[in-house]
Novice: 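Quick one: the structure is below, and I'll ask about it shortly.
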Amino acid sequence: MSVLIFIDQADGHVKKASYEVLSYGAKVAEQLGTTAEGVVLGAVAADQLSALGKYGVKKIHHVANDTLNHFDTQVFTNVIAQVAQAAGSKVIIFSNNVDGKAIAPRLSARLKAGLVPGAVGLPETTNGFTVKKNVFSGKAFANLTINSDIKIITLNPNSYQVIEGSSGSAEVAPFNATVDASKVKIKAVNKASGEVPLSEAEVVVSGGRGLKGPDNWGLIENLAHALGAATACSRPVADEHWRPHHEHVGQTGLTIAPNLYIAVGISGAIQHLAGVNRSKVIVVINKDPEAPFFKAADYGIVGDAFDVVPKITEAVKKLKGMA
Ligand SMILES: Cc1cc2nc3c(=O)[nH]c(=O)nc-3n(C[C@H](O)[C@H](O)[C@H](O)COP(=O)(O)OP(=O)(O)OC[C@H]3O[C@@H](n4cnc5c(N)ncnc54)[C@H](O)[C@@H]3O)c2cc1C
């Protein structure tokens with residue numbers, strides 16, 4: 001019996017988001033009196049994997065098949081199921097990111113495992129196995145007990161601290177899995193160059209209808225550029241084609257959890273908050289002091305975005321020696 005943690009990688013590098021889920025999984029293993037193990041699919045250098053031992057994981061099952069260098073939900077599910085069964089994993093943990101959300105439900109069906117998606121804290125394990133999660137777009141919590149033999153959790157990003165506690169390295173164990181040919185043929189991969197991907201960004205500058213129109217987006221982009229941030233927007237902004245839909249955050253768009261989210265001219269409707277309320281620090285700039293977003297903000301600036309944002313941009317540039 002062990003706790004198995006799925007470790008995301010891209011282009012041969014372990015994604016930073018995995019450190020949180022590793023730290024969380026190690027703590028769950030400690031609670032259950034067992035060991036934490038990781039699973040990595042695709043080519044990643046062994047020294048990078050063994051270094052993950054500092055997050056408390058004892059062993060990494062590495063399936064280094066070239067087919068796995070590109071994400072494919074069905075193929076990944078099959079391989080993780082094989083690893084979980086061979087390792088006798090009773091708790092399997094993913095980040096609640098795009099990959100985790102795609103794999104976990106399929107794996108749950110395959111292994112007949114109960115699944116709690118979007119956990120926000122450690123499970124209660126003294127009497128059963130109960131996991132806390134957000135419901136109603138973050139308006140309430142639910143505590144769900146998993147009764148099945150195998151349990152799967154996806155952890156909401158920014159819900160647990162990264163702990164570099166352990167000394168020593170993890171054992172890297174090559175795993176020889178049966179890897180099916182993908183049913184999906186990737187014809188081209190078009191990567192946005194020069195932009196910080198929104199889902200990975202630590203800082204996000206986001207604009208709403210308060211920006212009045214697409215011609216004013218330089219305001220958002222300049223601040224984002226100065227901060228090394230990604231840009232995002234509210235849904236009406238994308239609906240009105242001021243910005244592309246992949247930038248729209250919220251209930252019907254991307255869910256993000258950056259360290260810093262700066263909302264400019266966004267009212268803070270519940271559907272918008274659902275996508276951003278797990279950000280570590282929220283800064284709201286709005287000319288209406290009654291805007292609901294201020295209730296969710298760590299810092300608020302009541303003012304006209306067209307006055308305030310250029311001043312912040314200049315100050316950041318000066319601080320960074322960019323001016
Ligand atoms: C089923 C459903 C799903 C939805 N999903 C989403 C979703 O995923 N994401 C999402 O964002 N919305 C979503 N919505 C829409 C949501 O309810 C809001 O309508 C939307 O978020 C409002 O966008 P906004 O804040 O940009 O615009 P507005 O509500 O028009 O707010 C504009 C804000 O800008 C401020 N402002 C105006 N001028 C300035 C200025 N010069 N300087 C500073 N501030 C200024 C105003 O005071 C105001 O607070 C959904 C709605 C429904 C019904």
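First listed ligand is number 1; within each ligand, the first listed atom is number 1.
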Novice: Locate the shortest heavy-atom distance separating Phe293 from Ala263; write the atom from each residue and the value.
Specialist: CE1-CB, 3.4 Å
Novice: For atom 32 (C) of ligand 1, grab the closest protein heavy atom and report residue, atom and distance to one decimal in Å.
Specialist: Gly265 O, 3.5 Å
Novice: Check whether any heavy atom of Gly275 sits under 4.0 Å from an atom of ligand 1.
Specialist: no
Novice: Tell me whether Glu290 at atom CD has more than 12 heavy atoms from other residues, nucleotides or ligands lying less than 6.0 Å away.
Specialist: no
Novice: Near Lys295 NZ, under 6.0 Å, is it more than 12 heavy atoms from other residues, nucleotides or ligands?
Specialist: no
Novice: Students should be able to answer this: which protein heavy-atom is nearest to atom 38 (N) of ligand 1, and at what distance?
Specialist: Lys212 NZ, 2.9 Å
Novice: Checking Thr154 side chain against Asn96 main chain: does a donor-acceptor pair fall under 3.5 Å?
Specialist: no
Novice: With heavy-atom distances below 4.0 Å as the criterion, list the atoms of ligand 1 near Phe306.
Specialist: 41 (N)
Novice: Looking only at protein heavy atoms, which one is nearest to atom 19 (O) of ligand 1, and what is the separation?
Specialist: Pro236 CG, 4.4 Å
Novice: Hey, which atoms in ligand 1 end up nearer than 4.0 Å to a heavy atom of Ala269?
Specialist: 16 (C), 17 (O), 18 (C), 21 (O)
Novice: Number the atoms of ligand 1 from 1 as they appear, then name those within less than 4.0 Å of a heavy atom of Gly303, with their elements.
Specialist: 42 (N), 43 (C)
Novice: Which residue from Arg235, His248, Glu240, Gln251 reaches closest to atom 4 (C) of ligand 1 through any of its heavy atoms?
Specialist: Arg235
Novice: For atom 53 (C) of ligand 1, what is the closest protein heavy atom, and at what distance to 0.1 Å?
Specialist: Gln271 NE2, 3.9 Å
Novice: Numbering the atoms of ligand 1 from 1, which are under 4.0 Å from a heavy atom of Gly253?
Specialist: 8 (O)
Novice: Look at atom 26 (O) of ligand 1 and say which protein heavy atom is nearest, naming residue and atom and giving the distance to 0.1 Å.
Specialist: Ser234 OG, 2.6 Å
Novice: For atom 45 (C) of ligand 1, grab the closest protein heavy atom and report residue, atom and distance to one decimal in Å.
Specialist: Lys287 CG, 3.7 Å
Novice: For the residue pair Ala238 and His248, what are the closest heavy atoms and their distance?
Specialist: CB-CB, 3.8 Å
Novice: How far is atom 41 (N) of ligand 1 from its nearest protein heavy atom, and which residue and atom name does that atom have?
Specialist: Asp304 OD1, 3.1 Å
Novice: Hey, mind stepping through Tyr160 and Leu122 against side chain to side chain contact (heavy atoms under 4.5 Å, CB included) and telling me if it holds?
Specialist: CA-CA 8 Å; Tyr160 195 74; Leu122 288 166; 3.8 Å; yes
Novice: From the options Val249, Val309, Thr252, select the one whose nearest heavy atom is closest to atom 9 (N) of ligand 1.
Specialist: Val249
Novice: For atom 29 (O) of ligand 1, which protein heavy atom lies nearest, and how many Å away is it?
Specialist: Ser267 OG, 3.0 Å
Novice: Would Glu20 and Lys15 pass as an ion pair if we require N to O under 4.0 Å?
Specialist: no
Novice: Check this for me, if you would: do Glu314 and Lys311 make a salt bridge, where the nitrogen-to-carboxylate-oxygen distance has to be below 4.0 angstrom?
Specialist: no
Novice: Under 4.0 Å between a Lys/Arg side-chain N and an Asp/Glu carboxylate O for Lys16 and Glu202?
Specialist: yes
Novice: Indicate yes or no: does an N/O atom of Gly268 lie under 3.5 Å from an N/O atom of ligand 1?
Specialist: no
Novice: Closer than 4.0 Å to some heavy atom of Gly208 - which atoms of ligand 1 meet that?
Specialist: 26 (O)
Novice: Does the plane of the ring in His272 sit parallel, tilted or perpendicular to the ring in Tyr261? Use 30° and 60° as the thresholds.
Specialist: tilted
Novice: Specify the closest pair of heavy atoms between Trp217 and Ala232, including all atoms of both residues, with the distance to one decimal.
Specialist: CZ2-O, 4.3 Å
Novice: Work out whether the distance between some heavy atom of Ile266 and some atom of ligand 1 is less than 4.0 Å.
Specialist: yes
Novice: Measuring from atom 48 (C) of ligand 1, which candidate in Asn286, Asp288, Asp307, Thr255 has the nearest non-hydrogen atom?
Specialist: Asn286
Novice: Parallel, tilted or perpendicular, judged at 30° and 60°: which one describes the rings of Phe6 and Phe94?
Specialist: tilted
